[in-house]
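Have a look at the structure below before the remarks.
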Protein chains: 2
Amino acid sequence: MDKQATIKEIAKKLNVSISTVSRALHDHPSIGLRTKMRVKDMAKELNYEPNLAAIQFKLGKSFTLGVIVPELTESFFSSAVTGIEDAALANNYNVLFGQSHDDVLKEKKILNTFRNNRIDGLLVSLSKSTKVIDHFLELTKNKIPVVFFDRVPKEENVYSVSCDLYNSSIKIVNYLWDRGHRHIALLKGPQALTATNERMRGFMEGLNRKKMKTDPSLFSSSDLTKESSWNAMKDILSQKNRPTAVIAFNDYVALDAMQYVKRFTNLKINKDICFVSYSNLPMRVYLDTPPLVSIEQFPYEQGRRATEMVIDLINKKEIAQTKVVIDGELIELEEIPQTHMV
Amino acid sequence: MDKQATIKEIAKKLNVSISTVSRALHDHPSIGLRTKMRVKDMAKELNYEPNLAAIQFKLGKSFTLGVIVPELTESFFSSAVTGIEDAALANNYNVLFGQSHDDVLKEKKILNTFRNNRIDGLLVSLSKSTKVIDHFLELTKNKIPVVFFDRVPKEENVYSVSCDLYNSSIKIVNYLWDRGHRHIALLKGPQALTATNERMRGFMEGLNRKKMKTDPSLFSSSDLTKESSWNAMKDILSQKNRPTAVIAFNDYVALDAMQYVKRFTNLKINKDICFVSYSNLPMRVYLDTPPLVSIEQFPYEQGRRATEMVIDLINKKEIAQTKVVIDGELIELEEIPQTHMV
DNA sequence: CTTAAACACTAAAACCTTTTCAATATTCGT
DNA sequence: ACGAATATTGAAAAGGTTTTAGTGTTTAAG
């Protein structure tokens with residue numbers, strides 16, 4: 001077991017040609033059952049493992065996918081990555097990871113490493129500082145398929161998997177309306193993200209359908225940092241006619257916004273001011289005052305489907321649709337997680 | 001830019017040999033400055049990128065590290081992975097990931113994939129169901145170095161990077177003692193983990209130093225699932241002489257334990273019963289009733305150092321120490337995160 | 001001016017596999 | 001039993017790079 005056996009050795013031991021061994025191992029129809037068995041037995045005996053490096057070199061394929069996500073420590077993305085990993089493994093693909101940390105320069109650097117490694121396909125969730133996607137489109141020119149997921153670009157002619165935030169936002173507005181809210185604020189994300197726009201569009205449509213006013217003072221924007229979210233929340237609260245509910249960009253933003261309320265006001269969360277949000281973070285169930293509802297965006301599913309898509313593209317299969325959109329699900333928290341028996 | 005240029009083409013264009021080009025690009029001393037420049041210029045002009053697959057094949061090295069973690073969605077591990085990624089990239093190594101989901105069978109399967117991909121080294125945080133590490137030791141036989149981090153095995157003759165949980169636990173006991181606690185419970189983890197034992201040893205030592213009694217009724221064990229943690233908490237509370245403080249295995253366990261208290265008792269958390277813990281989860285700051293202190297185990301640092309270690313081993317450098325132990329830091333939460341201005 | 005050393009470069013093998021094309025062996029129909 | 005068809009195997013090239021073992025040319029020393 002010191003050195004890995006090669007097909008050459010198998011061939012020599014059995015007195016057959018290298019090509020025969022290769023074919024036998026691949027179940028090529030032109031090889032007789034007899035020799036096929038002999039070869040396979042010998043392969044097992046010698047503990048033969050194909051030299052992937054050689055195969056990749058020979059075939060000019062790496063059987064490797066590249067994945068770029070903004071931040072692995074965000075539970076959303078680690079879930080997505082898990083979906084990607086599972087789907088890739090199921091199709092015998094490897095996965096190379098990179099984190100952009102929301103920096104477009106880092107994004108490009110990772111892309112370069114990936115190119116050197118001759119990835120067969122790429123999965124990307126865009127950094128929030130990425131305004132132009134030319135560096136990705138260049139890959140497609142070289143016949144390396146790219147599929148975006150969750151943080152997808154606005155461009156039309158690209159492959160993507162994402163969550164239907166437009167309709168989800170309408171659902172959220174309806175939920176709030178049913179609970180009696182007539183004055184709802186939207187704590188937006190960075191303008192660059194399509195996700196921000198989708199939420200906005202759905203929000204407006206939701207308000208319209210219920211004949212609520214769409215006042216521009218209802219919007220406030222965060223770049224997703226704590227400081228920025230605090231400021232946005234401050235803006236929202238400083239209006240003369242204070243909203244009774246806030247739709248936050250995601251649970252992290254909601255968390256920061258709620259923290260602001262707790263620290264700097266004496267408003268009671270989810271009583272005086274109600275929070276709803278997106279992402280449905282697993283940790284939400286541990287909070288005493290969580291966002292009441294959150295949109296489940298199925299990161300695992302998005303990752304899985306994006307992966308299947310890119311593999312189909314690699315194999316030049318027909319793609320049913322270039323833009324897959326997954327329905328978001330409005331998840332209301334199970335009743336009163338912190339029921340004290342007092 | 002359709003087809004990648006090769007050194008062959010560069011050689012042809014410049015009327016030099018292939019070997020000259022190869023050496024020129026590697027700054028080999030035997031190549032004259034003149035030709036070296038010409039080669040490098042031409043390489044740039046043709047947009048030459050070395051074919052890594054060919055190099056890997058030729059050199060029998062993959063420049064790839066394998067990483068196995070139990071669960072990527074746990075913030076601890078995604079931080080560790082970030083540290084690994086950064087260190088690997090800095091040394092021009094790629095990283096292949098796998099999640100064991102705490103299943104030793106999955107662990108072995110991933111290991112197999114990694115072997116086929118001829119990884120140069122492996123980084124592992126053990127699954128909690130892994131009792132024997134033979135499958136890893138087999139790699140070392142094949143001269144593929146393995147470094148364990150955080151969830152390290154008890155075996156002596158292995159390389160590892162971990163946090164000093166023994167002394168951290170003593171620190172925790174001291175902290176609680178200073179706050180007046182004289183009756184402290186330990187909510188342990190699975191017996192299989194060395195981490196469980198280390199905590200236990202430190203806990204006992206801490207109690208001893210303060211002359212507190214080390215009653216076996218002070219221990220309760222969780223397999224890290226919510227149900228199990230609830231049961232463990234139930235045990236702890238059902239004692240006639242109820243402890244005033246609980247040291248939980250980590251913040252996740254603490255969260256579940258606190259959830260139990262909130263749902264099924266009318267004890268006030270951190271007043272009637274105080275929680276302290278390990279991991280220092282980022283989300284801790286958002287909780288109304290967080291574990292008061294938590295041991296920072298520096299996952300990023302652990303990942304980084306483990307990676308540097310495995311790369312040193314690959315390059316057969318002298319290793320200063322086979323077992324790196326990082327000091328844990330007791331992190332007290334910034335005062336009263338939820339100060340209402342009431 | 002000769003000889004040895006230093007310098008600048010080259011030819012060719014090796015790494016392992018897949019695959020095309022060709023060759024041999026077997027079977028079949030008649 | 002003969003040729004044709006089919007089944008089975010083999011030889012060799014190709015893929016891009018590194019590296020060993022040189023070859024030839026210039027420089028320095030004697």
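Here the structure is a predicted model, which means the values were calculated and not measured. Sequence lines set the chain letters: A, B, ... in the order given, protein chains first and strands last, and positions in each chain run from 1.
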How many Å lie between [atom1] on [X] and [atom2] on [N], as a whole number?
{"X": "B/I31", "N": "D/dT19", "atom1": "CD1", "atom2": "C1'", "result": "12 Å"}
{"X": "A/K61", "N": "D/dA14", "atom1": "NZ", "atom2": "C1'", "result": "19 Å"}
{"X": "A/I18", "N": "C/dC16", "atom1": "CD1", "atom2": "C1'", "result": "8 Å"}
{"X": "A/E49", "N": "C/dT17", "atom1": "CD", "atom2": "C1'", "result": "15 Å"}
{"X": "B/L52", "N": "D/dG15", "atom1": "CG", "atom2": "C1'", "result": "15 Å"}
{"X": "A/N116", "N": "D/dG16", "atom1": "CG", "atom2": "C1'", "result": "14 Å"}
{"X": "A/F63", "N": "C/dT18", "atom1": "CZ", "atom2": "C1'", "result": "12 Å"}
{"X": "B/R34", "N": "D/dT25", "atom1": "CZ", "atom2": "C1'", "result": "15 Å"}

Which part of the nucleic acid, if any, lies within contact of [X], taking any heavy atom under 4.0 Å across all strands shown: a base, the sugar-phosphate backbone alone, or nothing?
{"X": "B/I55", "answer": "sugar-phosphate"}
{"X": "B/S30", "answer": "base"}
{"X": "B/L59", "answer": "sugar-phosphate"}
{"X": "A/R23", "answer": "base"}

Does OP1 or OP2 of [N] have a side-chain N or O of [X] closer than 4.0 Å?
{"X": "A/T20", "N": "D/dT9", "value": "no"}
{"X": "A/S22", "N": "C/dT18", "value": "yes"}
{"X": "A/Y48", "N": "C/dT17", "value": "yes"}

Open item on the list: Does B/T35 contact C/dA8 through a side-chain donor or acceptor facing the base, at a distance under 3.5 Å?
Closed with: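 Counting by modelled atom types and ignoring angles, no donor-acceptor contact under 3.5 Å is found here.
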Open item on the list: Nearest to the side chain of A/K58, heavy atoms from C-beta on, is which of D/dT17, C/dT17, C/dC9?
Closed with: C/dT17
- [ ] Tell me which nucleotide among C/dC16, D/dA11, C/dT10 gets nearest to the side chain of A/S19.
- [x]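 Of C/dC16, D/dA11, C/dT10, D/dA11 is nearest to the side chain of A/S19.
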- [ ] Please determine which of B/N117, B/N116, B/T64 meets the side chain to side chain contact (heavy atoms under 4.5 Å, CB included) test together with A/N94.
- [x]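 Answer after filtering B/N117, B/N116, B/T64: B/N117.
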- [ ] Decide, applying a 5.5 Å centre-distance limit and a 30° plane-angle limit (both strict), whether A/F57 stacks on D/dG15.
- [x] yes
Open item on the list: Tell me whether the count of non-hydrogen atoms from other residues, nucleotides or ligands lying under 6.0 Å of NZ in B/K13 goes above 12.
Closed with: no
Open item on the list: With a 6.0 Å cut-off (strictly less than), is the heavy-atom count around NZ of A/K143, excluding the residue itself, greater than 12?
Closed with: no
Open item on the list: Here's a test of your reading of the structure: between A/H28 and A/I7, which maps to the more 5' nucleotide of DNA chain C?
Closed with: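 Going by which nucleotide is closer to the 5' end, it is A/I7.
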Open item on the list: Both B/N15 and B/A54 contact DNA chain C. Taking the nearest nucleotide for each, which residue is further toward the 5' end?
Closed with: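 The residue whose closest nucleotide sits nearer the 5' end is B/N15.
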With a 4.0 Å cut-off, would you call [X] and [Y] a salt bridge?
{"X": "B/K128", "Y": "B/D103", "value": "no"}
{"X": "A/R151", "Y": "A/D102", "value": "yes"}
{"X": "B/E308", "Y": "B/R305", "value": "no"}

- [ ] Would you work out how much the helix from C/dC1-D/dG30 to C/dT30-D/dA1 bends between its ends, with each end axis defined by five base pairs, to 10 degrees?
- [x] 40°
Open item on the list: Can you confirm whether the side chains of A/S160 and A/S162 place a donor and an acceptor under 3.5 Å from each other?
Closed with: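 A/S162 and A/S160 do not have a side-chain donor-acceptor pair below 3.5 Å.
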Task: Check: B/F97 ring centroid to A/F97 ring centroid under 6.0 Å - done: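 Close enough - the centres of the two rings lie under 6.0 Å apart.
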